[in-house]
Structure formats: structure tokens, C-alpha cells
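Residues take their numbers from the sequence shown, with the count starting at 1. Whatever order the structure lists them in is the order used to number ligands and atoms, beginning at 1.
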Amino acid sequence: MVKAVVGANWGDEGKGKITDTLGEQADIIVRFQGGANAGHTIVNNYGKFALHTLPSGVFHQHITSIIGNGVALDIPVLFNEIQSIIDRGVPKPKILVSDRAQMVMSYHKQIDAYEEERLAGKSFGSTKSGIAPFYSDKYAKIGFQVSELFDEELLREKVVRIAEQKNVLLEHLYHKPLINSDDLLAELKEYKTMIEPYVCDVSLYLYEAVKEGKEILLEGQLGSLKDPDHGIYPMVTSSSTLAAYGAIGAGIPPYEIKQVITVCKAYSSAVGAGAFVSEIFGDEADELRKRGGDGGEYGATTGRPRRMGWFDIVASKYGCRIQGTTDVAFTVLDVLGYLDEIPVCVGYEIDGEVTTEFPTTSLLAKAKPVLDVLPGWKCEIRGIKKYEDLPENCRKYVEFIEERIGYPITMISNGPGRDEIIYRNAV
Ligand code: GDP
């Protein structure tokens with residue numbers, strides 16, 4: 001059985017924690033898109049970890065962790081990450097990397113940084129991990145696929161061609177040092193040595209695994225609103241964040257994805273630029289940021305403070321719909337226990353009209369939040385294991401949101417730890 005764990009919003013919904021929790025039952029966890037530009041934070045028996053490239057399954061010894069063909073593979077980052085978890089006492093995980101994955105090259109990261117510099121105040125807030133230049137090259141058919149590392153003749157010819165093309169940009173647009181094709185070849189040879197033991201025909205491996213009835217989790221990065229087609233373009237990421245893309249980015253038939261678990265957080269947060277209708281500011285935002293997540297809402301990759309807001313029903317209803325949600329995992333509910341009253345964004349007012357349907361980007365820029373206020377529960381809910389044991393106002397908050405977004409909340413996360421989860425049969 002194949003399940004996808006994906007985000008409903010701007011990312012940072014707690015997908016890592018949900019994947020880690022569901023990992024107890026899984027045999028295989030696959031990353032199918034994105035790169036080292038976002039992170040999952042996971043708290044377990046070994047400590048607290050921020051993973052950027054490794055799938056969240058690496059802490060379970062029974063799991064095979066897979067980097068699918070849809071991922072932007074940053075080999076040095078992958079290596080450092082494997083080493084860093086081993087150094088902290090985690091047994092060496094079983095990792096496979098698709099022979100069809102493409103590699104983030106050092107010039108992708110450089111060009112990402114140069115472009116941010118060039119755009120200055122108009123930048124997209126990139127993490128400078130090379131993701132946009134990487135995916136541009138992939139679709140322009142000038143990327144390097146892992147399989148090509150094993151064809152030296154091809155590489156020798158290709159590095160010259162690529163250096164020539166990149167150097168036009170480097171010289172005339174960015175006025176930066178040029179690429180030497182011999183250095184590029186040396187970089188690729190180094191990557192070959194590093195990645196060789198992990199390379200696998202992943203779609204074939206997964207085909208066999210599905211036939212054998214293995215439990216497979218597809219782990220998404222970021223969330224619906226960062227999808228290049230269905231998100232807040234152009235303030236999006238460069239690969240699809242949707243469960244449907246899991247089929248492509250892992251190499252499995254779409255009809256094998258039987259469950260789409262969409263992770264939604266009990267309030268909102270976002271990193272980077274772009275419209276964020278239910279955003280809050282000042283002390284109100286600082287308080288939520290400080291109490292949020294596990295140790296505050298600061299980017300796992302960049303450490304930058306996240307933008308904060310109230311739960312947004314319009315964005316989340318849309319985010320769940322576009323994922324094809326079967327189940328909602330509702331996270332960080334424990335964080336809201338300090339509030340007397342909890343505002344929820346129930347609609348957008350655009351040009352004097354209220355809507356609950358998420359608009360395209362130019363209309364979104366005009367949207368003003370319509371807020372409802374729900375009573376808080378004013379207590380700690382960590383440690384509670386059964387839904388009925390949650391305070392009444394807390395259950396009312398969950399049920400209000402469930403009804404408005406229109407998808408069943410079957411999991412509630414009330415703490416960062418693997419076991420801090422309440423399973424629930426939705427009404
Ligand atoms: P991801 O990229 O979607 O995995 O999201 P993050 O890495 O940003 O995870 C969100 C943060 O919230 C992490 O620090 C988690 O440890 C933490 N977290 C996840 N679920 C819960 C929860 O239910 N309660 C609390 N307090 N923290 C949580």
C-alpha cells in the first residue's frame with residue numbers, strides 16, 4: 001500500500017513528524033521532489049534533527065529510505081547529513097538513490113545566489129540551495145543525471161558544452177568567475193565515488209515492493225501553496241509539491257497511492273515572500289512564533305524567523321482539495337493552549353465580496369481576512385492520548401475547522417515527539 005504525506009499550506013506543517021510517526025508501520029519511505037532547500041525537524045529517541053535531504057525514515061532501522069528521481073539531489077549535503085546522524089549514534093540507514101535523479105551542481109548554487117543578489121529587493125527569498133537553476137536546467141535538458149556519472153565519454157563532452165553555456169551568463173549577466181570544464185569533470189567524478197554504493201533502479205525496486213505488498217510512504221516537501229502550478233506563483237518552489245507528483249517523482253503508478261495524508265497546522269506560518277492573508281504582526285506574532293513548533297518557528301534550513309498567522313480555512317480547504325486529501329493530520333495543536341480566544345480566517349474579502357475559494361495570485365494580493373473568533377481552552381494538552389479527553393473548546397476548534405475545510409481530521413498531533421499523536425475517527 002502506498003500513502004503520501006504532504007503539506008496543505010506553505011510548508012513547515014510538521015510533515016517530518018507525521019512521517020516519522022507513520023514510519024513505525026512503513027517498509028519504505030521515498031522523497032519524491034524538492035531538494036535541500038527546506039527541512040524537516042524530527043524529535044525522537046536519538047535527539048532533535050533537522051533533515052534537508054534524507055527521508056524521515058532514516059531513524060527506523062527497518063526502513064529503506066529512497067531518494068526518488070524527482071528530487072534535486074545535492075550529493076555533498078546528502079553525505080554530510082548521513083555522517084551527521086551516524087555521528088550522533090543513529091545506526092547507518094539503508095539508503096537508495098534513483099539512477100534517474102539529477103544532481104544539484106555547485107554552479108546551480110552559485111547562480112542561485114548571484115540571481116538573488118541581482119534581483120536585490122525584488123528577490124523570491126530563495127534559500128540559495130540551487131533549486132530553481134537546477135530544475136530550470138533539468139527541463140532545459142542540460143542537467144546531469146546520476147546514470148551519466150557512469151559514462152565518462154559522455155561527461156567529457158558534456159562538461160565543455162555546459163561550461164560554455166553557463167559562462168555566458170556568469171560573464172555578461174553576473175560578472176562573476178567563470179567555470180572551468182576540467183573542474184566540473186572533477187566535481188562529477190567526486191560525486192560518482194560518493195554516490196556509487198547507493199545507486200538503484202528505483203522504479204523497478206518500488207514496482208517489486210508494491211507487488212510484495214510493502215507499506216510505502218511518499219514524503220512531500222513544502223506544501224500545496226508552493227506548488228508551481230497550483231500555488232501562489234511566482235512565490236512558489238520549482239517542483240510539484242502535490243501527492244499526484246509522488247507517482248512521477250518516485251516512479252510508481254498513480255493508482256497505487258491509496259491514501260493522501262495532508263498535514264495541516266493548527267495555525268499558519270510561512271517563509272519567504274508572497275501573499276499570506278491571515279498573517280499577524282508585532283507582539284501577537286512574536287508570542288506565537290516563540291511558542292510555536294518545538295522551540296519556536298524559525299526556518300530549519302535558514303534559521304530565519306517564520307511569518308506567523310491564524311489558521312486559514314480558505315487556504316487550507318484549497319490546499320487539501322488540490323492534494324486529493326483522504327486524511328488530514330492536524331499538528332501543533334498544543335501550541336495554542338495559551339490563548340483566551342483564537343481567531344480563525346474563515347473567508348477572504350476581495351473587492352468588497354467575501355469568498356471561501358482560494359484565488360489566483362493577483363486577486364490574492366487584494367484579499368483581506370474575514371476572522372471568526374473561537375474560545376481557547378487555556379491548558380496544556382500534551383500527554384493526552386484520546387480525543388474525548390481533549391478539553392471541550394479544543395475539540396470544538398478541531399471540529400469547526402474540519403467542517404469548514406471539508407476533509408476528515410483523523411490524526412491530531414499534540415507534541416513534537418513520535419508518540420504524541422491522537423488517532424480519531426472523523427465525524
Ligand atoms: P515539516 O517541514 O513539515 O516537517 O515541518 P517542520 O520541520 O517545520 O516541523 C514543524 C516543527 O514543529 C518541528 O520543530 C517539529 O518538531 C514541531 N512539531 C511537529 N508537530 C508538533 C506538535 O504537534 N506540537 C509541537 N509543539 N511541535 C510539533
Side-chain angles (χ1 to χ4, degrees), residues 4-23 29 31 33-59 81 127 129 217-226 237 241 243 261-272 288-308 311 316 319 323 328-339 380-385 387 390 394 397-398 409 411-424:
V5 179
V6 288
N9 306 116
W10 297 263
D12 308 318
E13 297 93 348
K15 294 175 295 295
K17 135 90 195 237
I18 297 296
T19 309
D20 190 48
T21 301
L22 295 174
I29 300 187
R31 284 271 323 255
Q33 48 93 212
N37 53 331
H40 289 315
T41 315
I42 297 172
V43 181
N44 56 30
N45 320 342
Y46 299 104
K48 182 173 175 177
F49 297 86
L51 299 184
H52 304 290
T53 271
L54 285 176
S56 303
V58 290
F59 301 104
E81 230 163 73
T127 58
S129 314
L217 285 186
L218 303 178
E219 178 177 26
Q221 185 213 35
L222 297 167
S224 302
L225 306 179
K226 293 282 186 182
T237 192
T241 56
I261 299 158
T262 304
V263 185
C264 243
K265 151 173 186 164
Y267 52 87
S268 302
S269 74
V271 285
L288 184 56
R289 184 179 300 111
K290 202 172 69 198
R291 294 172 176 270
D294 178 32
E297 291 282 359
Y298 302 92
T301 302
T302 56
R304 38 183 184 181
R306 291 178 180 151
R307 298 164 68 193
M308 306 302 297
F311 189 85
S316 302
Q323 289 288 6
V328 173
F330 197 56
T331 58
V332 295
L333 187 60
D334 52 303
V335 166
L336 299 181
Y338 73 99
L339 290 158
E380 178 62 87
I381 60 162
R382 285 186 71 177
I384 295 178
K385 298 277 174 210
Y387 184 67
L390 288 172
C394 182
Y397 184 77
V398 172
I409 296 176
M411 275 169 259
I412 294 165
S413 173
N414 57 337
R418 195 180 267 178
D419 304 326
E420 292 177 291
I421 193 98
I422 298 170
Y423 291 97
R424 163 171 184 265

Taking every non-hydrogen atom, the tightest pair across E13 and T331: O-OG1, 2.5 Å
Closest to atom 16 (O) of ligand 1 among G417, P416, S56 (heavy-atom distance): P416
Structural part of N414 in contact with ligand 1, heavy atom criterion under 4.0 angstrom: backbone
Proximal ligand 1 atoms for V335, defined as those under 4.0 Å from one of its heavy atoms: 26 (N)
Ligand 1-proximal atoms of R306, by part, heavy-atom distance under 4.0 Å: side chain
Check: K48 N/O within less than 3.5 Å of ligand 1 N/O: no
Any residue meeting salt bridge (Lys or Arg N to Asp or Glu O under 4.0 Å) with E81, in chain and number order, not counting sequence neighbours: none
Atoms of ligand 1, numbered as shown, that sit under 4.0 Å from any heavy atom of K17: 19 (C), 20 (N)
N or O contact, V332 vs ligand 1, cut-off under 3.5 Å: yes
Heavy-atom pair with the smallest gap, counting every atom of G7 and K15: N-CD, 3.4 Å
S413 vs V332, side-chain contact (heavy atoms from CB on, under 4.5 Å): CA-CA, chis, key distance, verdict: CA-CA 6 Å; S413 173; V332 295; over 6 Å; no
Closest approach of V335 to Y338 (non-hydrogen atoms, all atoms of both residues): O-CD2, 3.1 Å
Parallel, tilted or perpendicular, as decided by the 30° and 60° cut-offs, for the rings of F59 and F49: tilted
Residue pair D419 / K385: nearest heavy atoms and the distance that separates them: O-NZ, 3.3 Å
Within-shell test, G415 vs ligand 1, heavy atom, strictly < 4.0 Å: yes
Heteroatom distance test (G16, ligand 1): nitrogen or oxygen, under 3.5 angstrom: yes
Sequence-distant partners of S56, side chain to side chain contact (heavy atoms under 4.5 Å, CB included), two or more places apart: T19, H40, I42, E219
Proximal candidate to atom 24 (N) of ligand 1 [heavy atom criterion; set I421, D334, L336]: D334
Enumerated ligand 1 atoms positioned under 4.0 Å from heavy atoms of S413: 20 (N), 21 (C), 22 (C), 23 (O)
